[in-house]
Amino acid sequence: MDGNLNALTTVFTEFYYWVTVVFMFLIHVGFCMYEVGASRARNHMHTLMKNIMIIPLVTVTFFFFGWWIYWAFPNFPFWGGLDTESGAANLPWADTMGPNAGDRITGVFWAAFLLFSWTAASIVSGSVIERIRSSALWVHAVLIGSVWWIIDAAWGWHYGGWMVRELGYHDAYASGVIHAIAGGYALGVIMVLGPRLGKFAKDGTPRDIPPHNPWLLTIGIFLIYTGFWGFYAACNVPVISPEGIDGQITGVTWTATNIYLAPTTLSGITFNFLMSLSGGLMAAYVISKGDAFWTFSGGLAGIITASAGNDLYHPIQAMIIGAVGVVIVYKLHYWMERKFKLDDAVGAVAVHGYAGFVGLVISGFVLWGVPSSPYEGYAAINPVGQFIGAIIMFFVLGFVPGWAVAKMQAAAGVLRIPEEVELQGLDYAEHHAYEDAKAAIIAADKEELANRGVAAK
Amino acid sequence: MSTNGYSNWAVDMADVGAIYPFQGSEVLMVIVGVAFWIGWHRIQFVREREHLEKARHTGDEEKVKAQLERY
């Protein structure tokens with residue numbers, strides 16, 4: 001560290017990202033509660049375990065290769081080779097991938113991206129509950145969490161990514177790079193997986209499968225909101241000097257930036273997070289006629305729709321965009337459900353996938369002509385670039401891999417649980433073990449009590 | 001041509017103020033926002049009145065008793 005100001009900035013930035021990581025853990029807690037609340041009692045433990053094990057599996061694979069992909073893939077394979085120089089410091093055997101007094105950022109930056117990886121995998125997990133094999137889901141979790149989403153981040157969420165440079169792609173808080181891709185991936189999987197037994201009547205009419213525990217679901221989504229706030233902070237660079245950016249910005253005034261190192265403010269994104277949440281909640285309440293499930297999810301969809309441009313929108317723009325997105329998402333969800341007989345158990349494809357896609361398209365118009373980067377020669381933000389970006393996120397990197405891998409799993413007979421197990425519930429064996437253990441310990445305690453009574457006499 | 005007035009970031013941040021799109025339309029945006037808010041109340045009032053009117057005629061005595069017992 002050169003001088004105390006530099007040292008202070010570095011340690012502040014290290015601590016800043018560390019705090020965001022802790023906040024973002026709440027997203028995963030929220031997803032777990034939401035999934036368990038939405039599932040039926042006979043599937044609780046398996047539903048929970050399916051989501052919990054995403055944490056270690058995505059973490060270790062993100063350490064082994066996911067983080068390297070982010071630094072090596074910004075131009076690979078269409079606009080250049082692998083960036084092995086940048087990638088070298090992020091290989092699992094690099095000395096910066098551990099305690100290193102000369103590098104205080106890699107670990108917390110890695111962790112911030114890792115928490116995004118968990119989120120991407122967890123979004124897929126919610127849509128497939130109560131009928132997917134855990135083994136199949138965990139393969140998908142590694143693929144979406146440590147491969148596909150991080151490729152899209154290298155392309156479209158990196159200051160040197162080809163999508164930013166060539167298309168003017170702008171996605172400050174991940175409408176596309178997390179939500180559209182994960183929603184598209186989930187859509188690909190559930191198209192192959194099929195609906196839960198009983199979801200559709202014989203004439204094709206969809207049946208509602210209400211959540212087992214609406215209170216757990218409510219707390220879950222509120223925790224997701226809270227963690228999402230941390231996510232917003234994690235997407236920013238908190239403070240950086242113009243020479244640190246090394247772009248076109250002149251003068252000596254330091255600034256906060258988005259992931260592309262273009263100026264924004266923490267204050268501005270706080271306005272916009274809350275206003276897009278509010279727009280989403282209000283619109284969802286009206287469009288769903290006060291349905292609690294959709295109203296709460298609508299708040300999330302509102303934020304997701306506005307997220308692509310929430311570094312720059314005016315708060316009222318964020319509110320209106322959040323509201324418009326929710327109306328489109330709600331209508332699209334039911335249209336897709338009826339048309340393709342889809343069972344998106346928690347509305348993840350809609351709330352994340354469709355909202356992310358719509359948000360990217362809207363931002364192309366509202367931010368038309370705004371510079372996508374502080375570097376010279378980059379395309380400005382524009383509707384065509386954002387639309388192509390949305391297609392890449394949702395379909396190319398999301399839907400297609402999810403569908404293809406699910407097809408392979410289905411062909412191998414390792415995708416879906418047997419019908420008998422689906423009917424009796426995934427926790428059937430555990431429930432019996434629990435009842436047996438309970439009966440045994442009660443009997444043992446009673447025997448102990450009786451023996452003491454005899455001894456006392 | 002840019003919706004926020006900046007077509008590149010070759011600027012001194014000390015001289016930069018608002019960076020949101022459509023600057024100068026703030027009053028119009030507030031009018032649209034307030035209309036959205038008031039409209040929401042209007043829709044909600046009407047819907048709730050209709051819902052409560054319908055609900056007051058749907059109560060089955062036995063089911064109501066069960067609800068009271070449920071607490």
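Letters A, B, ... are given to chains in the order of the sequence lines, protein chains preceding strands, and every chain is numbered from 1.
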[atom1]/[X]: more than 12 non-hydrogen atoms of other groups inside 6.0 Å:
X      : atom1 : value
A:W162 : CH2   : yes
A:E376 : CD    : no
A:W368 : CH2   : no
A:E243 : CD    : yes
A:Y159 : OH    : no

What part of [X] gets closer than 4.5 Å to chain B, counting heavy atoms only: side chain, backbone, both or neither?
X      : result
A:S372 : neither
A:M282 : both
A:F365 : backbone
A:L367 : both

Measure distances from [X] to the heavy atoms of chain A and classify the residue's part below 4.5 Å as side chain, backbone, both or neither.
X     : answer
B:I19 : both
B:M29 : both
B:V16 : neither

Q: Can you measure from OG (A:S278) to CH2 (B:W37) and round to the nearest 0.5 angstrom?
A: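 The CH2 atom of B:W37 is 13.5 Å from OG of A:S278, to the nearest 0.5 Å.
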
What closest approach, in Å, do [X] and [Y] show between heavy atoms, and which atom pair accounts for it?
X      : Y      : result
A:A283 : B:F36  : N-CZ, 4.5 Å
B:W9   : A:A262 : NE1-CB, 3.7 Å
B:Y6   : A:P371 : O-CD, 2.8 Å

Q: Look only at the side chain of A:T250 and the backbone of B:D12, and say whether a donor-acceptor pair between them is shorter than 3.5 Å.
A: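 Pair found, side chain donor or acceptor close to backbone of B:D12.
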
Q: Using atom types as modelled and distance alone, determine if a side-chain donor or acceptor of A:Q248 lies under 3.5 Å from a backbone N or O of B:N8.
A: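 No; zero donor-acceptor contacts below 3.5 Å.
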
Q.
As an exercise: rank A:I245, A:I320, A:V366 by heavy-atom pairs under 4.5 Å with chain B and give me the winner.
A.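 Most heavy-atom pairs within the cutoff with chain B belong to A:V366.
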
Q: Determine, step by step, whether B:T3 and A:V370 satisfy the side-chain contact (heavy atoms from CB on, under 4.5 Å) criterion, reporting the C-alpha distance in whole Å, the side-chain angles of both residues, the deciding distance to 0.1 Å, and the verdict.
A: CA-CA 6 Å; B:T3 55; A:V370 174; 3.5 Å; yes

Q: Give me the ring orientation class for B:Y20 and A:H314: parallel if the planes are under 30° apart, tilted from 30 to 60°, perpendicular past 60°.
A: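 Geometry flag for A:H314 against B:Y20: perpendicular rings.
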
